[in-house]
Amino acid sequence: MVDRRIRRAGNELRHCAGSPPSLLTRLESLACERVRRPALSEPPPPSPSFPINHLRCAPVARRKLIVVSNRGPVTFGRDGDGQRVALRGGGGLTTALRSLVLHHEVRWIASAISAEDRLVAEEASGESIHERARDGSAYRLHLVAHDEQAYDRFYNVFANPTLWFLQHYLWPLAVAPSLDRGLHHAWRDGYVAVNRAFADAVLAELEHEPDATVFFHDYHLYLAPRLVRESRPDTALAHFVHIPWPQPDVWRVLPDEIRRAIHDGLLANDVVGFHTARWRSNFLRGSEDLLGAAVDHGRGTVDHRGREVLVTSHPISVDPHEFDELATSEAVLAAEQRLLARRPEKLLLRVDRTDPSKNIVRGFRAFELYLDAHPEMQERVVMLALLDPSRQEIPEYAEYLGAIQRSARAVNERFERGTWRPIDLQIRDDFAGTVAAYKQFDVLLVNAVFDGLNLVAKEAALVNERDGVLILSENAGVHEELSPWALSVNPFDVAGQADALHRALTLPAEERRTRLVAAADHVRRHDLEAWIEAQLSDFDRKAVRGRRG
Ligand code: ADP
Ligand code: F6P
């Protein structure tokens with residue numbers, strides 16, 4: 001991939017600047033490519049501190065970034081021979097952000113999650129280690145080995161069953177949540193403590209790179225920016241929230257002290273980013289309603305504690321080259337062969353973590369209603385559900401996995417005939433199998449209750465080879481971008497989803513092709529590089545405004 005990109009970029013550079021490509025770094029060449037693609041946002045005014053030049057192919061300095069996220073780009077384990085191996089981190093955040101290290105000088109701070117991660121952290125004695133990305137790009141990884149009890153409270157009590165549930169509207173408020181002493185404890189001795197440990201790691205990395213921009217990610221780290229700001233008032237801080245941001249009243253479920261601390265923590269950044277205009281506008285309203293901050297909704301700025309914070313929205317994306325390469329890799333081709341050997345006439349697909357926000361049980365119910373209404377499709381169609389088991393220490397997640405298995409079994413027992421089982425449920429982390437299925441689906445169902453974005457829809461559109469149709473929940477962030485070419489569904493309306501399955505399976509061939517080509521083209525033009533560019537442009541805009549006072 002790298003060779004191809006360097007060659008392609010090198011040709012452009014020869015064309016554009018007459019410089020010998022051998023003298024240019026890969027990032028410089030990529031910047032040259034970037035000026036040729038449609039901009040996601042206005043080019044920033046020239047900024048002496050960040051000399052990105054959008055108007056000609058001048059060399060671009062790699063930025064120094066300190067990236068901070070709970071889950072890192074890799075997690076360590078041991079292979080069959082007992083050798084240490086670096087495995088791909090799970091979930092959308094790491095799929096997307098792993099490419100950051102190809103473009104910038106990155107120091108990445110993440111939690112030590114596996115036992116092997118903790119060993120790596122111990123061997124590094126609180127320092128960062130050298131790591132290499134898939135293309136050989138070097139970066140530094142700082143694994144923070146948290147106090148285990150604090151981390152358990154942070155991850156298994158506050159971040160996931162509380163913040164994640166609140167931000168995805170998953171609670172039936174008549175009965176949940178019940179914020180008992182344990183929850184207060186988990187906030188104080190879990191969430192606050194782990195954020196403190198992250199902030200300390202950031203301060204340690206800033207000792208090595210005092211001019212770096214700190215780029216926080218997601219709901220695990222709402223408090224860390226304020227803690228860093230208190231020690232380093234002039235450091236450039238940005239935060240990207242990868243999940244939905246609900247309306248202010250939803251935040252009122254949390255005690256006043258906690259909801260204020262969350263908003264105040266985020267507003268210690270210079271820039272706060274969301275995937276969609278919808279989540280961004282909820283955050284602006286929350287800052288106003290819950291903190292009493294002065295908000296300019298037109299400019300998207302919040303005045304808080306004497307500082308102006310810029311609030312933006314840019315949907316994240318993936319690296320299309322990575323998926324092009326994956327699609328023809330040995331592992332994916334082998335998985336595809338296995339899939340083709342048992343392929344039904346029509347393949348419906350869903351790919352998700354086993355998370356209640358993904359709405360898997362209602363998806364099976366919709367398929368059941370579809371099979372009821374269309375007996376002619378029985379034995380001809382299969383719903384393949386490739387599900388990555390997620391957060392199984394948390395009772396709500398373990399119960400949800402049980403519900404998924406029960407509901408798939410119920411549909412199968414009702415309809416199965418001979419060798420045909422309508423739902424093919426595969427619960428495992430299998431990225432190669434996932435990409436193979438992306439190539440082969442006729443219909444992809446993404447019916448999330450709420451979802452910050454949903455990268456599955458973008459990944460699948462990129463590599464599909466059967467003019468597959470996307471069905472998208474109107475509450476998934478990706479709907480804001482891809483809905484012109486997808487079928488939209490209300491995630492609660494299972495009858496509507498059954499109708500959408502029928503419509504998707506009967507769309508004329510030409511229309512299916514046009515929709516898929518347009519969706520894939522959109523993802524290619526709005527790729528991860530464009531997203532990074534948009535983030536940095538926001539930052540430059542903010543820096544220029546800051547200088548103007
Ligand atoms: P989230 O971040 O909530 O997990 P996304 O849809 O944005 O949701 O991202 C999910 C990521 O996890 C995608 O990159 C997808 O390819 C990957 N993934 C989902 N299910 C599986 C699975 N069963 N095996 C391997 N990878 C998976
Ligand atoms: O993008 C949402 C997200 O929660 C990430 O922050 C996270 O890393 C990923 O999904 C997977 O969740 P987890 O890290 O809890 O396995």
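All values below were derived from every heavy atom in this structure, side-chain atoms included, with hydrogens, water molecules and symmetry-related copies excluded. Atoms within a ligand are numbered from 1 in the order they appear, just like the ligands themselves.
- For atom 8 (O) of ligand 2, the closest non-hydrogen atom on the protein side is Arg71 CB, 3.8 Å.
- With hydrogens and angles disregarded, a donor-acceptor distance shorter than 3.5 Å links the side chain of Lys458 to the backbone of Ile316.
- For the pair Tyr370/Gln497, no side-chain contact is recorded, criterion being any heavy-atom separation below 4.5 Å from C-beta on.
- Ranking the protein heavy atoms by distance from atom 14 (O) of ligand 1 puts Glu459 OE2, 2.6 Å first.
- In the candidate list Tyr219, Tyr155, Trp164, Tyr155 is nearest to atom 13 (P) of ligand 2, counting heavy atoms.
- Under the 3.5 Å distance criterion, the side-chain polar atoms of Asp521 are left unmatched by any main-chain donor or acceptor of Val517.
- A salt bridge links Asp424 and Arg342; the closest N-O separation between the charged side-chain nitrogens and carboxylate oxygens is under 4.0 Å.
- No part of His217 comes within 4.0 Å of ligand 2, judged by heavy-atom distances.
- Ligand 1 lies within reach of Arg428, whose nearest heavy atom is under 4.0 Å from it.
- Residues Leu119 and Arg84 have side chains in contact (heavy-atom distance under 4.5 Å, counting atoms from C-beta outward).
- Residue Val351 has no N or O atom closer than 3.5 Å to an N or O atom of ligand 1.
- A 4.5 Å side-chain heavy-atom check between Leu487 and Arg515 finds at least one atom pair inside the cut-off.
- Residue Asp430 has at least one nitrogen or oxygen atom sitting less than 3.5 Å from a nitrogen or oxygen atom of ligand 1, judged on distance alone.
- Residue contacts with ligand 1: Tyr438 is placed with a nitrogen or oxygen under 3.5 Å of a nitrogen or oxygen of the ligand (distance criterion only).
- Using 4.0 Å as the threshold, Lys358 has a heavy atom nearer than that to some atom of ligand 1.
- Atoms of ligand 2 found under 4.0 Å from any heavy atom of His220 (numbered from 1 in listed order, with element): 6 (O).
- Checked against a 3.5 angstrom limit, the closest N/O atoms of Leu93 and ligand 1 fall outside it.
- No donor-acceptor pair closer than 3.5 Å links the side chain of Arg98 to the backbone N or O of Gly89.
- Ranking the protein heavy atoms by distance from atom 12 (O) of ligand 2 puts Arg391 NH2, 2.8 Å first.
- Ranking protein heavy atoms by distance to atom 26 (N) of ligand 1, first place goes to Phe431 CD1, 3.8 Å.
- For atom 4 (O) of ligand 1, the nearest non-hydrogen atom of the protein is Arg353 NE, 2.6 Å.
- The shortest heavy-atom distance from Leu387 to ligand 1 is under 4.0 Å.
- Of the options His242, Arg353, His275, the smallest heavy-atom separation from atom 11 (C) of ligand 2 is shown by Arg353.
- Distances from atom 2 (C) of ligand 2 to the heavy atoms of Leu163, Leu93, Asp218 put Asp218 nearest.
- Annotation: atom 10 (C) of ligand 1 to nearest protein heavy atom, Gly92 N, 3.6 Å.
- When only non-hydrogen protein atoms are considered, atom 17 (C) of ligand 1 lies nearest to Arg88 NH2, 4.1 Å.
- The single protein non-hydrogen atom nearest to atom 9 (C) of ligand 2 is Gly91 CA, 3.9 Å, given as residue, atom name and distance.
- The protein heavy atom nearest to atom 7 (O) of ligand 1 is Leu455 N, 2.9 Å.
- Salt-bridge check for Glu205 with Arg140: failed, with every basic side-chain N at 4.0 Å or more from each acidic carboxylate O.
- Put simply, the side chain of Thr162 never gets that close to the backbone of Ala159: no donor and acceptor are under 3.5 Å apart.
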